[in-house]
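All values below come from the heavy atoms of this structure, side chains included, with hydrogens, waters and symmetry mates left out.
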Amino acid sequence: MSSSEHGIAHVHRDDIGSRLGMWLFLFTELILFGGMFIVYAIYRFTHQQEFHLAAKELNTLFGTLNTIILLTSSLTMALSITALQKNQKGLSIFLQLTTIVFALAFMVNKFFEWSAKFHHGLFPGSDVLMEKSNGEILFFGLYYIMTGLHGLHVIIGVVLIGTMTYFTSKNRITSDNYVRLEAAGLYWHLVDIIWIFLFPLFYLIT
Amino acid sequence: MENHSHSEKHTPHYGIYIIVWLALLILTGVTVAVAGIDFGGLTVATALLIASIKSYLVLTIFMHLKSESKVFSIFVGVALLFLLISFVLLFADYSFM
């Protein structure tokens with residue numbers, strides 16, 4: 001037992017390097033979404049009135065509710081790392097699971113929101129949409145691709161955090177080796193930041 | 001300096017995260033409330049300013065940039081600078097077309 005512990009102590013670990021690597025990955029995400037925000041900015045600049053008109057179709061209540069859900073999930077994610085640092089494994093697992101529940105709640109909201117849009121015939125390529133002005137078609141195209149890609153990130157985040165919860169329960173993530181949980185946390189907070197910008201730009205420009 | 005940041009890591013607190021979370025919720029309330037008011041050209045600027053403050057709080061506290069070594073902040077700064085350059089160049093192009 002003591003010899004195996006001795007062996008573990010000599011395994012090379014570079015937590016700062018790991019976190020820096022995660023940040024570098026996040027920069028590629030920044031470029032991915034950044035490119036889309038540039039497209040949004042240009043089209044909004046060239047089609048101001050149509051964008052305002054189209055944004056009226058979006059439900060601010062859904063958007064606000066999802067913002068609160070995502071901000072709170074970011075809190076529970078950050079707290080789960082603190083809990084593990086304080087060697088409170090059970091609390092950390094509970095907080096990680098809470099984060100996942102909030103993420104799923106976000107997606108359920110998104111499902112109802114998109115369903116309502118589809119019900120009104122507002123989806124890419126629909127007859128209702130194609131009869132609208134160019135600017136409105138562009139707005140809804142950007143709305144679906146940007147919130148859709150963001151939603152995909154939420155789903156990936158659920159899988160990622162779920163994996164970390166499994167690792168924590170199996171003691172593969174512990175109070176003195178939690179860099180993977182930190183990396184998952186960084187990813188989750190980035191997803192939150194992207195929503196912080198998506199929310200006012202799509203839901204609040206009426 | 002190294003020792004200082006190391007010891008900081010060993011005394012983690014829940015309080016700061018809850019304060020930041022409350023601040024984020026308040027800022028969300030503000031951004032929804034002022035969205036109804038027409039500031040003309042400043043409406044977008046106001047929304048983006050509030051979103052930037054919220055992002056700053058998430059980056060520094062939730063993502064620990066404040067307690068990480070300076071290298072992290074420099075990296076993030078450079079990444080954001082290049083994104084800003086892309087925006088400025090494209091808008092410069094569109095404005096003079």
Side-chain angles (χ1 to χ4, degrees), chain A residues 15-16 19-20 22-24 26-28 30-31 33-35 37-39 41-42 44-46 48 52 55 60-61 63-64 67-68 70-72 74-79 81-86 91 95 182 185-190 192-201 203-206, chain B residues 5 9-18 20-25 27-29 31-36 41 43-44 46-59 61-65 68-69 71-73 75-76 78-80 82-84 86-87 89-91 93-95 97:
Chain A
D15 287 354
I16 292 177
R19 289 201 298 272
L20 205 52
M22 190 63 201
W23 275 100
L24 287 177
L26 295 187
F27 295 156
T28 70
L30 183 73
I31 298 304
F33 279 96
F37 277 112
I38 291 175
V39 175
I42 298 291
R44 175 152 175 199
F45 181 66
T46 54
Q48 286 192 22
H52 281 274
T60 311
L61 192 66
T64 311
T67 304
I68 294 168
L70 216 52
L71 288 175
T72 311
S74 248
L75 169 72
T76 55
M77 186 72 222
L79 291 180
I81 295 167
T82 309
L84 204 60
Q85 286 170 334
K86 285 177 178 280
L91 181 63
L95 287 164
E182 282 186 305
L186 287 175
Y187 182 85
W188 192 247
H189 297 311
L190 181 90
D192 190 24
I193 289 179
I194 291 163
W195 184 258
I196 285 174
F197 282 95
L198 286 178
F199 171 58
L201 290 178
Y203 293 84
L204 299 178
I205 62 166
T206 55
Chain B
S5 64
K9 288 226 138 192
H10 279 273
T11 52
H13 295 292
Y14 294 118
I16 180 74
Y17 297 115
I18 294 173
V20 166
W21 172 68
L22 287 172
L24 289 170
L25 290 186
L27 285 168
T28 303
T31 201
V32 173
V34 300
T43 313
V44 194
T46 312
L48 287 179
L49 178 70
I50 295 172
S52 301
I53 296 169
K54 287 166 80 179
S55 301
Y56 177 79
L57 286 173
V58 174
L59 283 166
I61 309 298
F62 282 176
M63 297 173 94
H64 303 139
L65 273 187
E68 291 276 17
S69 94
V71 180
F72 286 78
S73 299
F75 268 46
V76 174
V78 170
L80 290 176
F82 273 88
L83 189 65
L84 185 69
S86 315
F87 266 89
L89 285 181
L90 258 148
F91 263 94
D93 193 26
Y94 261 84
S95 303
M97 249 162 56

If I measure from the heavy atoms of chain A, does [X] come under 4.5 Å with its side chain, its backbone, both, or neither?
X       : answer
B:Ser52 : both
B:Val20 : neither
B:Thr43 : neither
B:Ile18 : both

Report the option among [options] that has the most heavy-atom pairs separated by less than 4.5 Å from atoms of chain B.
options                               : answer
A:Ile205, A:Thr46, A:Ile196, A:Leu190 : A:Ile196
A:Leu201, A:Ile38, A:Thr60            : A:Ile38
A:Gly35, A:Ala41, A:Pro200            : A:Ala41
A:Ile31, A:Asp192, A:Leu26, A:Leu30   : A:Leu30

Using non-hydrogen atoms only, which part of [X] is less than 4.5 Å away from chain B: side chain, backbone, both, or neither?
X       : result
A:Ser74 : both
A:Thr72 : both
A:Thr82 : both

#### Entry: Mutual orientation of the aromatic rings belonging to A:Trp23 and B:Phe72 [parallel < 30°, tilted 30-60°, perpendicular > 60°]
perpendicular
### Query
Does A:Lys86 make a cation-pi contact with B:Tyr14 (under 6.0 Å, within 45 degrees of the axis)?
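Judged by the rule (NZ or CZ under 6.0 Å from the ring centre, within 45° of its axis), A:Lys86 counts as positioned above B:Tyr14.
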### Message
Tell me every residue that passes ring pair (Phe, Tyr, Trp, His ring centres under 6.0 Å) with A:Phe37, counting only those two or more places apart in sequence or in another chain.
### Response
none
### Task
Not counting sequence neighbours, which residues clear side-chain hydrogen bond (donor to acceptor under 3.5 Å, both in side chains) with B:Tyr17? List them please.
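Once residues adjacent in sequence are excluded, the partners of B:Tyr17 under the side-chain hydrogen bond (donor to acceptor under 3.5 Å, both in side chains) criterion are B:His64.
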